[in-house]
Colleague: 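Pasting a structure below so you can have a look.
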2 protein chains.
Amino acid sequence: MALDKIDRKILTLLQKDATMPVAEIGRKVGLSTTPCWRRIQKMEEDGVIQRRVAVLDPGKVNVGVTVFVSVKTNEHNDAWMRKFAGVVDEFPEVVEFYRMSGDVDYLMRVVVPDIGAYDTFYKRLIGKINLTDVSSAFAMGQIKYTTALPLDFAIISDDDK
Amino acid sequence: MALDKIDRKILTLLQKDATMPVAEIGRKVGLSTTPCWRRIQKMEEDGVIQRRVAVLDPGKVNVGVTVFVSVKTNEHNDAWMRKFAGVVDEFPEVVEFYRMSGDVDYLMRVVVPDIGAYDTFYKRLIGKINLTDVSSAFAMGQIKYTTALPLDFAIISDDDK
DNA sequence: CGATCTGACGCAATAAAATTGCCCGTTGCA
DNA sequence: TGCAACGGGCAATTTTATTGCGTCAGATCG
């Protein structure tokens with residue numbers, strides 16, 4: 001699963017624009033189409049590349065507001081966590097959900113059109129599962145958002161010239 | 001920029017899998033290839049679809065740890081904000097960055113291989129810009145992560161049968 | 001040291017998908 | 001009723017993805 005310099009270049013390109021033809025990617029990384037294509041295939045099989053998706057403009061689909069919701073709970077067992085995860089999964093407004101260490105137990109990022117819609121979401125959420133200590137922080141603006149992960153830490157193939 | 005039911009179906013599909021052939025998308029939404037293709041083109045031109053990207057597995061590229069970094073500051077002017085934004089942009093580890101209302105002024109999501117790498121990142125960050133009140137919260141696990149935005153709020157074309 | 005095996009590459013053919021041109025039917029409106 | 005605008009569909013055409021096959025360099029083994 002180690003990635004050499006060429007693999008990382010390919011991934012960098014694909015993380016920016018997955019529509020780029022393999023031939024062009026190959027040209028940019030110094031390979032012909034076939035070996036470049038095979039590397040991409042392999043990275044897909046290996047699961048390094050999980051999938052290719054269309055990224056939409058949040059404003060244009062009317063979910064320009066992001067809210068971070070922190071949850072503290074006393075229920076620290078696995079069963080409860082699964083239930084919570086299941087409930088959250090039902091809400092497409094929740095685009096990210098993390099189990100946290102420290103003060104807060106869970107953190108989720110929710111996208112909605114406006115404060116009113118958030119309130120509606122909030123009521124529906126607490127209707128599905130009993131949450132006592134919840135606090136919401138509103139984002140006034142998104143300064144940076146990328147799906148591209150840094151590749152500087154990827155496991156490097158040793159014979160990586 | 002209003003989207004009808006078919007547009008939303010198309011977007012739902014493309015948010016899940018952008019490799020699906022237009023012909024197949026058309027079949028699923030009840031259209032032939034051409035009109036389906038034209039709708040997609042239009043949504044790309046309109047910027048509803050921003051781009052298509054490859055999504056990688058964080059673990060597989062060795063950035064399995066997410067840290068949420070909260071920043072409070074006294075500098076509430078626009079110039080400082082721009083500088084901060086510029087600095088943050090330089091760090092590929094920062095995948096999301098928000099200006100917040102309330103207690104915290106800024107919130108960023110950072111991805112790194114481990115705690116040690118986070119420490120390194122942190123030092124480099126505060127070396128680039130003077131930040132006094134910073135607090136870090138570590139995610140123990142990612143329970144949900146999707147790039148797919150909910151389309152339930154999208155502006156609906158009135159003649160939407 | 002030479003035979004061989006493996007892995008990665010590239011070219012050229014083939015298959016699949018995107019893109020375009022052109023025609024058709026429906027709807028709204030003068 | 002006649003016309004124009006708005007989709008929609010079929011059938012080319014063009015681009016890309018995918019596969020088959022041959023080559024080459026380095027590692028392995030006897």
Side-chain angles (χ1 to χ4, degrees), chain A residues 1-57 60-61 147-148 151 154-161, chain B residues 1-57 60-61 147-148 151 154-161:
Chain A
M1 212 197 57
L3 304 170
D4 68 10
K5 187 172 294 190
I6 293 179
D7 289 324
R8 278 174 281 137
K9 273 192 192 176
I10 292 171
L11 291 178
T12 299
L13 292 169
L14 286 179
Q15 284 197 118
K16 282 202 174 300
D17 177 11
T19 67
M20 186 179 293
V22 178
E24 188 181 341
I25 297 172
R27 195 171 48 64
K28 293 201 181 193
V29 305
L31 276 180
S32 73
T33 306
T34 307
C36 184
W37 181 81
R38 279 195 254 246
R39 280 165 179 264
I40 294 170
Q41 290 305 307
K42 180 162 191 316
M43 292 191 284
E44 284 179 347
E45 282 165 20
D46 292 349
V48 174
I49 297 173
Q50 280 187 329
R51 51 198 177 141
R52 292 145 184 265
V53 301
V55 176
L56 310 188
D57 182 323
K60 299 264 170 75
V61 295
T147 53
L151 297 175
I155 311 301
I156 294 172
S157 169
D158 46 357
D159 53 286
D160 187 356
K161 322 243 167 50
Chain B
M1 212 196 58
L3 304 170
D4 67 9
K5 187 172 296 191
I6 293 179
D7 289 324
R8 278 174 283 137
K9 273 192 192 176
I10 292 172
L11 291 178
T12 299
L13 292 170
L14 286 179
Q15 283 197 118
K16 282 202 173 300
D17 178 11
T19 66
M20 187 180 293
V22 178
E24 189 180 341
I25 296 172
R27 195 170 49 66
K28 293 200 180 192
V29 305
L31 277 177
S32 73
T33 305
T34 305
C36 184
W37 182 82
R38 280 196 256 244
R39 280 165 179 264
I40 294 170
Q41 288 307 306
K42 180 161 191 318
M43 292 192 284
E44 284 179 349
E45 281 166 21
D46 292 349
V48 174
I49 297 174
Q50 281 187 330
R51 50 198 179 143
R52 291 144 185 266
V53 301
V55 176
L56 309 188
D57 181 321
K60 299 264 170 77
V61 294
T147 53
L151 297 175
I155 311 301
I156 294 172
S157 169
D158 47 355
D159 53 284
D160 187 355
K161 322 244 166 50

Colleague: Can you tell me how far P of C:dA17 sits from CG of B:Asp17, to the nearest Å?
Modeller: 12 Å
Colleague: Could you pull out all residues at least two apart from A:Lys42 that satisfy side chain to side chain contact (heavy atoms under 4.5 Å, CB included)?
Modeller: A:Asp46
Colleague: When you get a sec, tell me which of C:dC9, D:dC10, D:dG7 is the closest nucleotide to the side chain of B:Ser32?
Modeller: D:dC10
Colleague: Expressed as a whole number of angstroms, how long is the span from B:Ile40:CD1 to D:dG7:P?
Modeller: 16 Å
Colleague: Distance from A:Lys60 atom NZ to B:Ile155 atom CD1, nearest 0.5 Å?
Modeller: 12.5 Å
Colleague: How close or far is atom P of D:dG7 from atom NZ of B:Lys5, stated in whole angstroms?
Modeller: 17 Å
Colleague: Which residue in the set B:Arg51, B:Arg38, B:Arg52, B:Arg39 passes salt bridge (Lys or Arg N to Asp or Glu O under 4.0 Å) when paired with B:Glu44?
Modeller: B:Arg52
Colleague: Can you give me the closest heavy-atom contact between A:Leu3 and A:Arg8, atom names plus distance?
Modeller: O-NE, 3.6 Å
Colleague: Check the distance between C:dC9's P and A:Ile25's CD1 and give it to me in whole angstrom.
Modeller: 15 Å
Colleague: Any salt bridge (charged side-chain N to carboxylate O under 4.0 Å, His left out) involving residues 9-21 of chain A? Give me the pairs, sequence neighbours left out, ordered by first then second residue.
Modeller: none
Colleague: Atom CZ of B:Arg39 and atom P of D:dC6: how far apart are they, to the nearest Å?
Modeller: 14 Å
Colleague: Give the B/S/- string for nucleotides 12-26 of chain D, one per nucleotide from 5' to 3', where a protein heavy atom under 4.0 Å of the base yields B, of only the sugar-phosphate yields S, and otherwise -.
Modeller: ----SSBBBB-----
Colleague: In whole angstroms, how far is the C1' atom of D:dG9 from the CZ atom of B:Arg27?
Modeller: 17 Å
Colleague: Taking atom CD1 of A:Ile49 and atom CD1 of A:Ile40, what is their separation to the nearest 0.5 Å?
Modeller: 6.5 Å
